[in-house]
Amino acid sequence: MSRVAFIGLGNMGGGMAANQVKAGHQVQAFDLNAQALARAHGAGCTVAETAALAVAEAEVVITMLPAGAHVRQVFADSVLPHAQRGALLIDCSTIDVDSARAVGAQAKAAGFDFADAPVSGGIAAAEAGSLTFMVGCDEALFPKVEQALAPMAKAVVHAGEAGAGQAAKICNNMVLGVSMLGVCEAFALAEKLGLAADKFYDIASKSSGQCWSITSYCPWPGVGPASPADKGYEGGFLSALMLKDLKLAQEAAARAGAATPLGAQAEAMYALFDRLGFGGKDFSAVLQLMRGRLDELDETVRGGG
Ligand code: NAD
């Protein structure tokens, strides 16, 4: 049993903290949101009054916060000044590579072990303990990080040094955003050409166009295995979060001098979709934009992103 501090108990962190409790760890939880804290309490966490108090006696500190600014602030104000010597600090949020590297360097300078460990998998995987973690940390530290993440994980992969976890996450999600748009465009063209969606699926899923966005997450309702498209594009991975990750990829590309024209186009498409009010829909719902059939999306979620 370890003493774990968990900061950020939202959609993802709530389920992740609960899995730390299920694994037998003592979890001190903190969030700015009272509802999130009440849920964590219900899952067996001890509620701390401040982030500083949550981390004070922890052997492992895990953060799951919205963006880089939140992570920088929580580390500067609460974690680094108040965590005990020897604590392992792991940030699981999806943030910009520069913030991950900066926080990692500050943690190292203060004498802590640090890993950036963003996740693949949504809220359901967070609750089921089946997330994939992409870890940036010193090679020698990785086994310790892997052990700390195990109660929440299906897989824990070492990506490289500090910041490499975030780099892996945004590169993976750029592939996903671009491939989903390509698949949606192809389904929209197939429709115009009079090719039935299920026939196109059968053929493309056995041909060179095959990819995860077709065979595991088909955007056309009623075609392929169950996916958010079959549930009115509810649940799944929100378009607003895809937009966030594509923005992070573009920022990183600009700083690194990488050419990512398709990533830029994907960001523009998801920005438009969000602007139209569909940020709260699954990212595969962009199919209906390509078809010119936004009327098929539930109007009630407009503005939800
Ligand atoms: P969320 O908004 O539901 O949760 C974030 C929580 O952080 C909130 O409860 C908020 O109150 C809390 N918080 C913000 N500032 C704080 C502070 N200073 N101190 C303490 N608590 C603070 O977001 P989420 O969906 O849980 O996502 C968390 C992270 O995981 C994000 O970086 C997101 O990009 C990433 N992610 C999300 C998903 C998903 O499907 N939701 C999937 C993969 C990765």
Side-chain angles (χ1 to χ4, degrees), residues 1-66 70-71 74-75 78-80 82-94 103-104 107 111-159 165 169:
M1 182 179 71
S2 299
R3 293 185 304 275
V4 175
F6 212 110
I7 302 174
L9 304 154
N11 290 323
M12 297 293 288
M16 292 163 72
N19 284 321
Q20 290 287 343
V21 173
K22 281 184 205 149
H25 301 308
Q26 273 181 4
V27 181
Q28 292 276 340
F30 179 74
D31 194 292
L32 296 175
N33 181 301
Q35 267 183 327
L37 278 178
R39 186 176 154 224
H41 181 67
C45 300
T46 303
V47 169
E49 277 181 27
T50 63
L53 286 171
V55 304
E57 291 181 3
E59 293 153 283
V60 179
V61 175
I62 301 173
T63 46
M64 192 56 168
L65 296 162
H70 307 86
V71 175
V74 166
F75 268 74
S78 307
V79 178
L80 298 180
H82 298 287
Q84 66 177 3
R85 282 172 77 90
L88 170 62
L89 315 180
I90 308 177
D91 177 42
C92 296
S93 329
T94 301
V103 168
F112 293 104
D113 286 330
F114 172 84
D116 53 293
V119 304
S120 176
I123 300 162
E127 281 168 7
S130 59
L131 294 165
T132 295
F133 288 83
M134 308 160 208
V135 181
C137 71
D138 293 344
E139 186 124 37
L141 181 63
F142 180 65
K144 203 172 154 189
V145 175
E146 192 176 20
Q147 192 184 16
L149 297 176
M152 311 181 288
K154 173 179 73 179
V156 182
V157 185
H158 188 226
K169 167 81 185 176

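Excluded from the calculations below are hydrogen atoms, water molecules and symmetry mates; all remaining heavy atoms, backbone and side chain alike, are included. Model, not experiment: these values are computed from the prediction.
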Inset, instruction - With the side chain counted from C-beta on, respond yes when D91 and F114 share a heavy-atom pair under 4.5 Å apart, and no when they do not. - result: yes
Inset, instruction - Measure the SG-CG distance between C137 and L88 for me, rounded to the nearest 0.5 Å. - result: 8.5 Å
Inset, instruction - Might you point out which heavy atoms bring L65 and S93 nearest each other, and give the distance in Å? - result: N-OG, 2.8 Å
Legend entry - Stepwise side-chain contact (heavy atoms from CB on, under 4.5 Å) check, V60 with H25: CA-CA 10 Å; V60 179; H25 301 308; over 6 Å; no
Legend entry - Heavy atoms from other residues, nucleotides or ligands near CD of Q84 exceed 12 (cutoff 6.0 Å): yes
Legend entry - Distance-minimising heavy-atom pair for E127 and N19: O-ND2, 3.2 Å
Legend entry - Side-chain heavy-atom pair C92, I62 within 4.5 angstrom cut-off: yes
Legend entry - Main-chain N/O of S120 paired to K169 side chain as donor or acceptor, under 3.5 Å: no
Inset, instruction - Mind listing the closest non-hydrogen atom pair of I90 and A148 along with its distance? - result: CD1-CB, 3.9 Å
Inset, instruction - Look only at the side chain of Q20 and the backbone of A5, and say whether a donor-acceptor pair between them is shorter than 3.5 Å. - result: no
Legend entry - Atom of A17, atom of V27 and distance for their closest heavy-atom approach: O-CG2, 4.2 Å
Inset, instruction - Check for a donor-acceptor pair, side chain of D113 on one end and backbone N or O of G86 on the other, with a separation under 3.5 Å. - result: no
Legend entry - N33 side chain vs Q35 backbone, donor-acceptor pair below 3.5 Å: yes
Legend entry - Atom pair CG (D116) and CE (M134), whose distance is rounded to the nearest 0.5 Å: 11.0 Å
Inset, instruction - Please assess T46 against Q28 for the test side-chain contact (heavy atoms from CB on, under 4.5 Å), listing each intermediate value before the final yes or no. - result: CA-CA 5 Å; T46 303; Q28 292 276 340; 3.9 Å; yes
Inset, instruction - Begin from the C-alpha positions of V55 and I7 and carry the test side-chain contact (heavy atoms from CB on, under 4.5 Å) through to its verdict. - result: CA-CA 9 Å; V55 304; I7 302 174; 3.7 Å; yes
Legend entry - L149 side, atom CG; K144 side, atom NZ - distance, nearest 0.5 Å: 12.5 Å
Inset, instruction - Would you indicate whether the side-chain heavy atoms of F133 and V145 approach each other to under 4.5 Å? - result: no
Legend entry - side-chain contact (heavy atoms from CB on, under 4.5 Å) between V103 and V79, intermediate numbers included: CA-CA 11 Å; V103 168; V79 178; over 6 Å; no
Legend entry - H82 (side chain) donor-acceptor with L53 (main chain) under 3.5 angstrom: no
Legend entry - Minimum heavy-atom distance between G165 and P118, given as atom pair plus value: O-CG, 3.3 Å
Inset, instruction - Indicate yes or no for a side-chain donor-acceptor contact from N11 to the backbone of I123 under 3.5 Å, with no hydrogens or angles considered. - result: no
Inset, instruction - Might you point out which heavy atoms bring A87 and F112 nearest each other, and give the distance in Å? - result: O-CD2, 3.6 Å
Inset, instruction - State the CE-CE distance between M12 and M64, to the nearest 0.5 angstrom. - result: 4.0 Å
